[in-house]
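A short worksheet on the structure shown next.
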Amino acid sequence: MSFVPKGYVKCQKTQVFAGNSIPAIYRERHFTRRGVYEQIHVIRGELMFYGYKDKEGDVEREVRLKASETAISHPEYWHSIAPLTADTQFEIHFYIKPEALNTA
């Protein structure tokens with residue numbers, strides 16, 4: 001996919017999700033808020049990243065991620081994920097511009 005732009009810093013990360021601990025919000029179509037990049041990092045197993053043109057649109061991008069691979073979701077981009085193997089584990093890192101930390 002792409003990279004987090006230069007000048008953005010990690011502001012938060014999730015716990016490691018696996019099996020039944022994956023929140024429904026990540027399996028469903030959702031978007032990252034304005035100014036926030038989401039980096040999905042697969043630790044074990046495989047995961048499918050689905051990108052959509054909009055809230056109602058068809059899948060426009062499918063990216064299969066294996067262990068040690070990442071995908072970036074841009075701000076306000078509709079997406080969802082689906083684990084492909086029983087042993088899938090992943091975490092999500094969120095990035096914003098440093099000046100946004102003072103207003104968040």
Side-chain angles (χ1 to χ4, degrees):
M1 291 187 72
S2 61
F3 297 94
V4 173
K6 190 174 184 177
Y8 280 71
V9 296
K10 188 185 326 179
C11 66
Q12 184 179 3
K13 78 174 192 172
T14 66
Q15 67 185 52
V16 173
F17 296 118
N20 293 335
S21 74
I22 301 171
I25 184 66
Y26 296 122
R27 293 178 187 258
E28 298 167 0
R29 192 179 304 207
H30 65 284
F31 68 93
T32 308
R33 68 184 167 102
R34 177 176 287 165
V36 178
Y37 283 81
E38 182 178 301
Q39 180 189 56
I40 302 149
H41 173 71
V42 179
I43 298 165
R44 179 182 295 161
E46 293 185 38
L47 184 82
M48 186 65 82
F49 174 93
Y50 298 100
Y52 308 92
K53 183 176 181 178
D54 55 38
K55 184 176 181 178
E56 308 298 327
D58 293 330
V59 173
E60 68 176 1
R61 177 175 290 147
E62 292 182 16
V63 180
R64 185 182 197 109
L65 301 168
K66 297 179 182 179
S68 299
E69 295 181 336
T70 61
I72 302 293
S73 181
H74 292 247
E76 302 182 87
Y77 184 67
W78 288 93
H79 61 282
S80 65
I81 57 173
L84 297 176
T85 60
D87 66 340
T88 298
Q89 293 183 346
F90 69 95
E91 62 188 358
I92 302 172
H93 302 246
F94 299 92
Y95 293 83
I96 62 174
K97 288 199 171 204
E99 55 270 17
L101 288 170
N102 299 326
T103 61

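No hydrogens, no waters, no symmetry mates; every other heavy atom, side chains included, goes into these values. Start at 1 with the first residue, then count along the sequence.
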**OP:** Indicate, with yes or no, if Val36 and Val9 share a hydrophobic cluster defined by side-chain heavy-atom contacts under 4.5 Å among Ile, Leu, Val, Met, Phe, Trp and Tyr.
**Re:** yes
Original post:
Step by step, would you call Lys13 with Glu91 a salt bridge (Lys or Arg N to Asp or Glu O under 4.0 Å)?
Top reply: CA-CA 7 Å; Lys13 78 174 192 172; Glu91 62 188 358; 3.6 Å; yes
**OP:** Might you confirm whether atom CZ of Arg44 has over 12 heavy atoms from other residues, nucleotides or ligands at distances under 6.0 Å?
**Re:** no
**OP:** Quick one: pull up CG in Asp54 and OH in Tyr77 and give me the separation to the nearest 0.5 Å.
**Re:** 10.0 Å
Subject >> Over all atoms of both residues, closest heavy-atom pair of Gly7 and Pro98 >> reply: O-CD, 3.0 Å
**OP:** Give a yes or no answer on whether the side chain of Arg29 reaches the backbone of Trp78 with a donor-acceptor pair at less than 3.5 Å.
**Re:** no
Original post:
Yes or no on side chain to side chain contact (heavy atoms under 4.5 Å, CB included) for Thr70 and Val42, after CA distance, side-chain angles and deciding distance?
Top reply: CA-CA 6 Å; Thr70 61; Val42 179; over 6 Å; no
**OP:** Determine whether Phe31 and Tyr50 fall in the same hydrophobic cluster, where Ile, Leu, Val, Met, Phe, Trp and Tyr are linked whenever their side-chain heavy atoms lie under 4.5 Å apart.
**Re:** yes
Original post:
Hey, what do you get for CD1 (Ile22) to OG1 (Thr88), rounding to the nearest 0.5 Å?
Top reply: 7.0 Å
Subject >> Pairing residues for Glu69 by the side chain to side chain contact (heavy atoms under 4.5 Å, CB included) criterion, not counting sequence neighbours >> reply: Leu65, Lys66
Subject >> Shortest non-hydrogen contact from Gly35 toward Pro75 >> reply: N-CB, 3.5 Å
Original post:
Considering residues at least two apart in sequence or located in another chain, which fulfil the salt bridge (Lys or Arg N to Asp or Glu O under 4.0 Å) criterion with Arg64?
Top reply: Glu46
Original post:
Does Phe17 have its ring centroid less than 6.0 Å away from the ring centroid of Phe90?
Top reply: yes
Subject >> For Thr85 against Gly45, the heavy-atom pair lying closest together >> reply: OG1-CA, 3.2 Å
Original post:
Going from CG on Leu47 to CD on Gln89, what distance comes out if it is rounded to the nearest 0.5 angstrom?
Top reply: 12.0 Å
Subject >> Step-by-step side chain to side chain contact (heavy atoms under 4.5 Å, CB included) determination, Ile43 to His41 >> reply: CA-CA 6 Å; Ile43 298 165; His41 173 71; 3.8 Å; yes
Original post:
Would you say Thr32 and His79 make side-chain contact, with heavy atoms under 4.5 Å?
Top reply: yes
**OP:** Show the numbers, then the answer: is there a side chain to side chain contact (heavy atoms under 4.5 Å, CB included) between Lys53 and Arg61?
**Re:** CA-CA 9 Å; Lys53 183 176 181 178; Arg61 177 175 290 147; over 6 Å; no
Subject >> Thr14 and Tyr26: CA distance, side-chain angles, deciding distance, side chain to side chain contact (heavy atoms under 4.5 Å, CB included) verdict >> reply: CA-CA 12 Å; Thr14 66; Tyr26 296 122; 3.7 Å; yes
Subject >> Sub-4.5 Å side-chain heavy-atom contact between Glu62 and Phe49 >> reply: no
**OP:** Using the side-chain hydrogen bond (donor to acceptor under 3.5 Å, both in side chains) rule, take His93 and Lys10 through it: C-alpha gap first, then chi angles, then the decisive distance, then the call.
**Re:** CA-CA 7 Å; His93 302 246; Lys10 188 185 326 179; 3.1 Å; yes
Subject >> Among Phe94, Tyr37, Phe3, the one residue meeting ring pair (Phe, Tyr, Trp, His ring centres under 6.0 Å) with Tyr8 >> reply: Tyr37
Original post:
What is the distance from atom CE of Met48 to atom CG of Leu84, rounded to the nearest 0.5 Å?
Top reply: 5.0 Å
**OP:** Apply side-chain hydrogen bond (donor to acceptor under 3.5 Å, both in side chains) to the pair Tyr52 and Ser80, showing each step before the final yes or no.
**Re:** CA-CA 9 Å; Tyr52 308 92; Ser80 65; 2.8 Å; yes
Original post:
Are a donor atom and an acceptor atom from the side chains of His74 and Glu76 found within less than 3.5 Å of each other?
Top reply: no
